[in-house]
Amino acid sequence: MNYQSQKGVAAIEMTLLLPFMLLLVFATAELGRLMFQYNTLTKLVRDAGIFLSHNADTRQTSRLPNPLIDAECNNCISKAKNLLVYGTINSGGIPLLSGLTIGNVSILESPVGSRRLVIDVSYDWQPLFGEGLTTFGLGDSVDLSFNLNTHYAVTAL
């Protein structure tokens, strides 16, 4: 076998395979990041739910105020939303998840009169490497961002 004709073959093979290997590495990293952020989001919702279940009924009655508003529960709704977004009951600061805002969180009693409080969070997850995957002119680009939704229900104690 003539080894002179094989010079540079490894470099060409590496050049051909490197983009696919990098795509695989970056896709794996993004999937891990997605799972980490969803896990963080569910933990934050659970912590806010536990706080809310202990603080929603300051009067200790059989029924929650209808409608449930901040003034009736010593600002428990605002504090729970702040706890979920910022990690503290005080307003402001840096969100624990990039792009998560108070507006992404809703807290309702469902059904009314049940003392069951439902926390819903809708979080728009964005990948690190851009919102879309180009198809190099072969059609529309593929949108890589999507919505993470989580719900948590607690009973006011």
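- The shortest non-hydrogen separation linking E109 to S114 is OE2-N, 3.3 Å.
- Taking the side chain as every heavy atom from C-beta outward, V121 and L148 never approach each other to under 4.5 Å.
- Between F51 and the options N82, L84, L83, a side chain to side chain contact (heavy atoms under 4.5 Å, CB included) holds for only L83.
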Working for side chain to side chain donor-acceptor pair (under 3.5 Å), residues N75 and S78: CA-CA 6 Å; N75 296 326; S78 296; 5.2 Å; no
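- The shortest non-hydrogen separation linking D70 to C76 is OD1-N, 3.8 Å.
- Residues V118 and D120 come closest through the heavy atom pair CG1-OD1, 3.7 Å.
- The CG atom of D124 lies 12.0 Å from the CG atom of L97; values are rounded to the nearest 0.5 Å.
- In this structure, the side chains of W125 and N147 stay at 4.5 Å or more apart for every pair of heavy atoms.
- Checking S122 against N149 by side-chain atom types alone, a donor-acceptor pair falls below 3.5 Å.
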Derivation and outcome, side chain to side chain contact (heavy atoms under 4.5 Å, CB included), residues K79 and N74: CA-CA 9 Å; K79 289 178 181 178; N74 193 21; 4.0 Å; yes
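- Hydrophobic clustering places Y152 together with Y86 (ILVMFWY residues linked when any side-chain heavy atoms are closer than 4.5 Å, directly or through intermediates).
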Evaluation steps, side chain to side chain contact (heavy atoms under 4.5 Å, CB included), between Q126 and Q37: CA-CA 11 Å; Q126 298 292 325; Q37 286 190 340; over 6 Å; no
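- Partners of F26 by ring pair (Phe, Tyr, Trp, His ring centres under 6.0 Å), not counting sequence neighbours, listed by chain and number: F129.
- No continuous path of hydrophobic side-chain contacts links L96 to I89 [ILVMFWY only; heavy atoms under 4.5 Å].
- When all heavy atoms are compared, the tightest approach of A80 to A48 is O-CB, 3.5 Å.
- Annotation: side chain of T101 is in contact with side chain of N104 (closest heavy-atom distance under 4.5 Å).
- Both F146 and Y123 sit in one connected hydrophobic cluster of ILVMFWY residues. Membership requires side-chain heavy atoms under 4.5 Å apart, directly or through other members.
- Counting heavy atoms from C-beta on, the side chains of V154 and R116 never come closer than 4.5 Å.
- Closest of all the heavy-atom pairs between T15 and A11 is OG1-O, 2.7 Å.
- Among all heavy-atom pairs drawn from P127 and R33, the shortest one is CA-NH1, 3.7 Å.
- When L108, T150, L52, L44 are each tested for a side chain to side chain contact (heavy atoms under 4.5 Å, CB included) with I119, only one passes: L52.
- More than 12 heavy atoms of other residues, nucleotides or ligands sit less than 6.0 Å from atom CG of L18.
- Under a hydrophobic clustering in which Ile, Leu, Val, Met, Phe, Trp and Tyr are joined whenever their side-chain heavy atoms come within less than 4.5 Å, directly or via other members, L22 and L128 fall into the same cluster.
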Steps toward side chain to side chain contact (heavy atoms under 4.5 Å, CB included) verdict (M35, L31): CA-CA 6 Å; M35 293 173 64; L31 181 63; 4.3 Å; yes
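- Counting heavy atoms from C-beta outward, I50 and R46 have side chains that approach closer than 4.5 Å.
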